[in-house]
S.K.: 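Before we start, here is the structure in question, set down as C-alpha cells.
Here the structure is a predicted model, which is why all the values come from computation and not from measurement. Every chain is numbered from 1, with letters handed out A, B, ... down the list of sequences.
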Amino acid sequence: MLDIILIRNEPERVRQAMRDLNDEDALVRIDLILELDEKRRALLVDVERMRAEKNEASKRIGISRDPKEREVKIGEMKSLNARLDKLEGELREIEPHLNEEVLWIPNIPAEGVPVGADESANITVRQVGDLPQFDFEALPHWDIGPMLDIIDFERGAKLSGSRFYVLKGLGARLQRALITWMLDVHINQHGYTEIYPPFMVRSECMLGTGNLPKFGENLYHDHEEDFWWVPTAEVPVTNLHRDEIIDGELLPIYYVAYTPCFRREKMSAGRDVRGIKRGHQFDKVEMVKIVQGDPEVSERELLALLDNAEDICRQLGLPYRIVQMCTGDLSFVSAKKFDVEIWAAGSGEWLEVSSCSNFHDFQARRMNMRYRPEKGEKTRYPHTLNGSGLALPRVMIGILENYQQADGSVVIPEVLRPYMGEVEVIKAPEA
RNA sequence: GGAGCGGUAGCAUAGUCUGGCCUAAUGCGCGCGCCUGGAAAGCGCGUGAGCUGAUGAAGCUCCGUGGGUUCGAAUCCCACCCGCUCCGCCA
C-alpha cells in the first residue's frame with residue numbers, strides 16, 4: 001500500500017510510476033483517491049470540531065446537578081447530534097471507499113529499475129555455469145520421469161485432474177532431499193531461521209502481502225470459512241509480524257520456510273501443461289527478510305538474498321541466469337525484482353526457479369507491521385523482501401534434464417547424496 | 001460440536017454488576033535524573049498507537065471486531081472473531 005501522504009503530496013510522481021508500470025487502471029484510481037482524500041479531510045475538520053463540542057457538553061451534563069439546566073443541554077445535544085450524524089454518515093461512506101481504492105494501487109518501482117512495457121525489456125544481468133553438452137539426444141523430464149518410474153502423470157490426473165502428478169520411489173525421495181538440503185543450506189550457511197507456518201490463512205494475510213484483493217481468482221479458498229490456501233510461504237511468513245511493533249534491535253530478520261503452494265493458474269490456462277513445470281500444487285522453500293526501512297539497506301539485502309538463491313544453483317551445479325524485471329513486468333507489490341532461471345537441457349528452455357523481490361514498505365503498510373529503531377523513537381515501516389530458495393519441481397526438472405546420461409539414468413548431484421541414502425544414480429527399473 | 005470463563009495500550013492486572021471528574025488506573029518493564037569511586041537498592045520525573053493540523057497550538061479516534069440503545073458506553077443490548085478450561089469426538 002502506498003502512503004496516502006505520498007499520493008497527496010507528489011501526485012505527479014505517483015502518476016508517472018503508474019505509467020511506467022503500464023497500469024491504466026491505477027492511473028484512473030489515483031485521481032479518484034485524491035478526490036476522496038480531499039473530501040475526507042474537509043469532512044474530518046467539521047466532524048472533529050463537533051465531536052469536541054459534544055464531548056465538552058456531555059461532560060458538563062454529567063457534572064450538572066440542576067435538572068432544568070440538564071434538560072436544556074440535553075435538548076441542545078440532540079440537535080447537534082442530528083447534524084453530526086449526517087456528517088459522520090458521509091465520512092463512513094468515504095473512508096472505506098478510500099481505503100479500498102488504495103489497496104488497488106501497485107507499488108512504485110525502485111530507482112534504477114529499467115523502464116519498459118513488457119518482458120521484452122527485461123535485462124539479463126549475468127549467466128553462470130556452462131550449458132551441458134550431450135553426445136546423445138537429451139530428453140525432456142516428462143519422458144525421463146516415467147522411464148525411470150519416478151513420475152506418474154496418468155495416476156496424478158486420475159486422482160486430481162490435469163496439472164497434478166505423483167512422485168514415486170527415488171523421485172519422491174529426491175524431492176524430499178531437496179527440501180531438507182535447501183533448508184539446511186539457508187539455515188546453516190546463510191543465517192536464516194526456519195519457520196513451519198500454517199498452509200491456510202485468513203484473508204487479512206492475503207491482503208497484507210498483496211494477493212488480495214486483486215489476485216483472488218488465482219487462489220484456492222474454503223467455501224465455508226475464511227481460509228485461503230497459501231500460494232507461497234511468503235504469505236504466512238511475512239504476516240508473522242502483522243499488526244506488531246518489532247523491536248528495532250531484532251532487525252534484520254531472516255526467515256526460511258518450506259511449504260506446498262497452491263495456485264489455480266487461471267491466468268496461464270492451457271500454458272505449460274506438460275510435465276511438472278506448472279502444477280496446481282508444488283513445493284517451495286522460501287526466504288523472507290524484514291529489514292530497516294531504508295532503500296539502501298533493503299537494496300543490499302536484496303542482492304544478498306539473490307546470492308543466497310543463486311548459491312543453491314551453484315551448489316547443485318545447475319547453469320543459470322539472472323534476469324532483472326523492467327517496470328512493465330514487475331509484480332503488483334514489487335519495487336524491484338530479479339528472477340533466477342535455470343537451464344533445462346531436455347526441454348530446451350530457461351525455467352524460473354526463483355523470484356527475488358524488494359517490496360520496500362508496501363507490504364508492511366498493508367499489514368500494519370512497524371518497528372521502533374531506537375527506544376523512545378517513533379515507529380517506522382520496515383522493508384520486506386522475499387525470494388524462492390528454490391521452487392522444487394523446476395529444480396527437479398533441472399536435475400533430471402541436465403544430469404541425464406546416455407543410458408537414460410540420472411546422476412544425483414553430490415550435495416544431495418547424504419540426503420538420499422548415498423544413492424548416486426537413479427536408474428530405470430529392470431525390464 | 002456442547003458447557004463455562006475470558007480478550008483493557010510492551011507484559012501483568014483493576015475498572016464492567018450500579019453508564020457521567022475513565023479523555024482509562026496500578027504494578028512490572030523501559031527512559032532520564034538524583035544518590036555512588038562505580039553499580040545495585042532507594043527516591044523523583046517520564047513512558048501506548050494512530051489521524052487532522054505545519055514536525056506549532058489545539059483537537060479527534062482506538063478498551064477483540066462490527067452494529068445498536070443513550071445527551072453520554074470499557075461499562076447496557078445484538079451478532080461475529082479469537083483464546084483458555086472441562087466434556088464429546090478424533091490422528
S.K.: Take atom CD1 of Ile246(A) and atom C1' of A49(B), then tell me their distance rounded to the nearest Å.
M.R.: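 Whole-Å distance recorded here is 15 Å.
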
S.K.: Please round to the nearest 0.5 Å and tell me the distance separating atom CD1 of Ile150(A) and atom NZ of Lys168(A).
M.R.: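 One gets 11.0 Å once the value is rounded to the nearest 0.5 Å.
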
S.K.: Among Arg163(A), Arg394(A), Gln175(A), His141(A), whose side-chain contact (heavy atoms from CB on, under 4.5 Å) with Ile276(A) holds?
M.R.: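 So, applying the side-chain contact (heavy atoms from CB on, under 4.5 Å) to Ile276(A) and each of Arg163(A), Arg394(A), Gln175(A), His141(A), only His141(A) qualifies.
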
S.K.: Please measure how far the C1' atom in A73(B) lies from the corresponding atom in G67(B), and state the result in whole Å.
M.R.: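 Nearest-Å result for A73(B) against G67(B) at atom C1': 14 Å.
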
S.K.: Between U65(B) and C71(B), how many Å separate the two C1' atoms, rounded to a whole number?
M.R.: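 After rounding to an integer number of Å, I get 26 Å for this pair.
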
S.K.: Can you give me the N/O atom pairs linking the protein to nucleotides 58-63 of chain B at distances under 3.5 Å, or say none if there are none?
M.R.:
unit_1: G59(B); atom_1: N2; unit_2: Glu48(A); atom_2: OE1; d: 3.0
unit_1: G59(B); atom_1: N2; unit_2: Glu48(A); atom_2: OE2; d: 3.3
unit_1: C60(B); atom_1: OP1; unit_2: Asn55(A); atom_2: ND2; d: 2.9
unit_1: C60(B); atom_1: O2'; unit_2: Arg51(A); atom_2: NH1; d: 3.0

S.K.: Tell me the interatomic distance from Asp226(A), atom CG, to U65(B), atom P, rounded to whole angstroms.
M.R.: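 Result: 17 Å.
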
S.K.: When you check the phosphate oxygens OP1 and OP2 of A49(B), does a side-chain N or O of Thr379(A) lie under 4.0 Å from one of them?
M.R.: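 For A49(B), neither OP1 nor OP2 has a side-chain N or O of Thr379(A) closer than 4.0 Å.
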
S.K.: Using Watson-Crick or G-U wobble geometry with both distances below 3.5 Å, tell me the partner of C76(B), or none.
M.R.: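 The base-pairing partner of C76(B), which may sit in any strand shown, is G68(B).
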
S.K.: With both distances kept under 3.5 Å, what pairs with A12(B), Watson-Crick or G-U wobble?
M.R.: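 Matched A12(B) with U26(B) under the 3.5 Å cut-off.
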
S.K.: How far, in whole Å, is A12(B) from U23(B) if one measures between their C1' atoms?
M.R.: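 It works out to 24 Å between them.
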
S.K.: Measure the distance from CG on Asn368(A) to P on G64(B) and round it to the nearest whole Å.
M.R.: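 Nearest whole value for this atom pair: 17 Å.
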
S.K.: Taking any strand in view, what nucleotide pairs with G6(B) in a Watson-Crick or G-U wobble way, both distances under 3.5 Å?
M.R.: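 Across any shown strand, G6(B) pairs with C82(B).
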
S.K.: Side chains of His280(A) and Phe164(A): does their closest heavy-atom pair fall under 4.5 Å?
M.R.: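 Counting from C-beta outward, His280(A) and Phe164(A) do come under 4.5 Å.
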
S.K.: Return the value, rounded to whole Å, for the distance between atom NZ of Lys378(A) and atom C1' of U55(B).
M.R.: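 Rounding to the nearest Å, NZ of Lys378(A) and C1' of U55(B) are 9 Å apart.
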
S.K.: Please state the P separation for the pair G19(B) and U75(B) - nearest whole angstrom.
M.R.: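 To the nearest whole Å, 12 Å.
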
S.K.: Return the value, rounded to whole Å, for the distance between atom NE2 of His241(A) and atom P of G10(B).
M.R.: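 After rounding, the gap between these two atoms is 16 Å.
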
S.K.: Is the Trp229(A) to Phe262(A) ring centre distance short of 6.0 Å?
M.R.: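 Distance test on ring centres: under 6.0 Å, yes.
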
S.K.: Looking at C43(B), which nucleotide sits across from it as a Watson-Crick or G-U wobble partner, both distances under 3.5 angstrom, or is there none?
M.R.: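 Check on C43(B): paired to G33(B), both distances under 3.5 Å.
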
S.K.: Pick base, sugar-phosphate or nothing for Arg8(A), based on heavy-atom distances below 4.0 Å to the nucleic acid.
M.R.: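 Contact class for Arg8(A): sugar-phosphate only.
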
S.K.: Say you pick atom P in G10(B) and the same atom in C17(B); how far apart are they, in whole Å?
M.R.: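 It comes out at 26 Å once rounded to the nearest Å.
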
S.K.: May I ask which nucleotide in the shown strands pairs with A49(B), Watson-Crick or G-U wobble, both distances under 3.5 Å?
M.R.: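 Result: U61(B).
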
S.K.: Does Arg60(A) reach a base, just sugar-phosphate, or nothing at all? Heavy atoms under 4.0 Å.
M.R.: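 No contact.
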
S.K.: Look through every strand shown and name the nucleotide pairing with U18(B) as Watson-Crick or G-U wobble, where both distances are under 3.5 Å.
M.R.: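 WC or wobble partner does not exist here.
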
S.K.: Which of these nucleotides, C82(B), U52(B), G50(B), is closest to any side-chain atom of Val45(A)?
M.R.: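 Taking heavy atoms from C-beta onward, the closest nucleotide is U52(B).
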
S.K.: Determine the Euclidean distance between corresponding C1' atoms of U85(B) and A25(B); express it in Å to zero decimal places.
M.R.: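 Approximately 29 Å lies between the C1' atom of A25(B) and that of U85(B).
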
S.K.: Glu225(A) or Arg41(A): which one's nearest nucleotide on RNA chain B is closer to the 5' end?
M.R.: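 That would be Arg41(A).
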
S.K.: Please walk me through it: do Asn308(A) and His186(A) pass side chain to side chain donor-acceptor pair (under 3.5 Å)?
M.R.: CA-CA 7 Å; Asn308(A) 294 154; His186(A) 294 309; 5.5 Å; no

S.K.: What does the list of N/O pairs under 3.5 Å between the protein and nucleotides 66-71 of chain B look like, with a distance for each?
M.R.:
unit_1: C71(B); atom_1: OP1; unit_2: Lys78(A); atom_2: NZ; d: 3.2
unit_1: C71(B); atom_1: O3'; unit_2: Asn81(A); atom_2: ND2; d: 2.9

S.K.: Roughly how many Å apart are G38(B) and G44(B), using the P atom of each and rounding to a whole number?
M.R.: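 About 22 Å, rounded to a whole number of Å.
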
S.K.: Enter the distance from Leu306(A):CG to Glu310(A):CD here, rounded to the nearest 0.5 Å.
M.R.: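 Taking CG in Leu306(A) and CD in Glu310(A), the distance rounds to 4.5 Å.
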
S.K.: How far apart are the closest heavy atoms of Leu416(A) and Ala177(A), and which atoms are they?
M.R.: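 Scanning both residues, the minimum pair turns out to be CD2-O, 4.2 Å.
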
S.K.: OP1 or OP2 of G10(B) versus the side-chain N and O atoms of Arg372(A): is any pair under 4.0 Å?
M.R.: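 Answer no for this pair, as no side-chain N or O of Arg372(A) is under 4.0 Å from OP1 or OP2.
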
S.K.: Quick one: are the ring centres of Tyr192(A) and Tyr255(A) less than 6.0 Å apart?
M.R.: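 Ring centres of Tyr255(A) and Tyr192(A) not closer than 6.0 Å.
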
S.K.: Side chain of His383(A), backbone of Ser298(A): donor and acceptor closer than 3.5 Å?
M.R.: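 Between the backbone of Ser298(A) and the side chain of His383(A) there is no qualifying donor-acceptor contact (under 3.5 Å).
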
S.K.: Would you kindly give the CZ-to-P distance between Arg380(A) and G50(B), to the nearest whole Å?
M.R.: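 To the nearest whole Å, that distance equals 13 Å.
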
S.K.: Given that both distances must come in under 3.5 Å, which nucleotide forms a Watson-Crick or G-U wobble pair with G1(B)?
M.R.: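 Its partner is C87(B) (Watson-Crick or G-U wobble, both distances under 3.5 Å).
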
S.K.: About how many Å separate CD1 of Ile399(A) and CG of Asn402(A), when rounded to the nearest 0.5 Å?
M.R.: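 Going from CG on Asn402(A) over to CD1 on Ile399(A), the span is 9.0 Å.
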
S.K.: To the nearest Å, how far apart are Tyr371(A) OH and A49(B) C1'?
M.R.: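 Value for this atom pair: 17 Å.
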
S.K.: Locate the shortest heavy-atom distance separating Ala257(A) from Pro197(A); write the atom from each residue and the value.
M.R.: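 Result for this residue pair: CB-CD, 4.2 Å.
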
S.K.: Does a side-chain N-to-carboxylate-O contact under 4.0 Å join Asp247(A) and Arg372(A)?
M.R.: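 So Asp247(A) does not pair with Arg372(A) through a salt bridge.
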
S.K.: Determine the Euclidean distance between corresponding C1' atoms of C30(B) and C21(B); express it in Å to zero decimal places.
M.R.: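 C21(B) and C30(B) have their C1' atoms separated by 30 Å.
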
S.K.: If you only use heavy atoms from C-beta on, which nucleotide in A49(B), C82(B), U23(B) is closest to the side chain of Lys59(A)?
M.R.: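 Closest nucleotide among those given: U23(B).
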
S.K.: Rounded to whole Å, how long is the line connecting atom CG of Asp243(A) with atom P of G10(B)?
M.R.: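 Those two atoms, CG and P, are 12 Å apart.
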
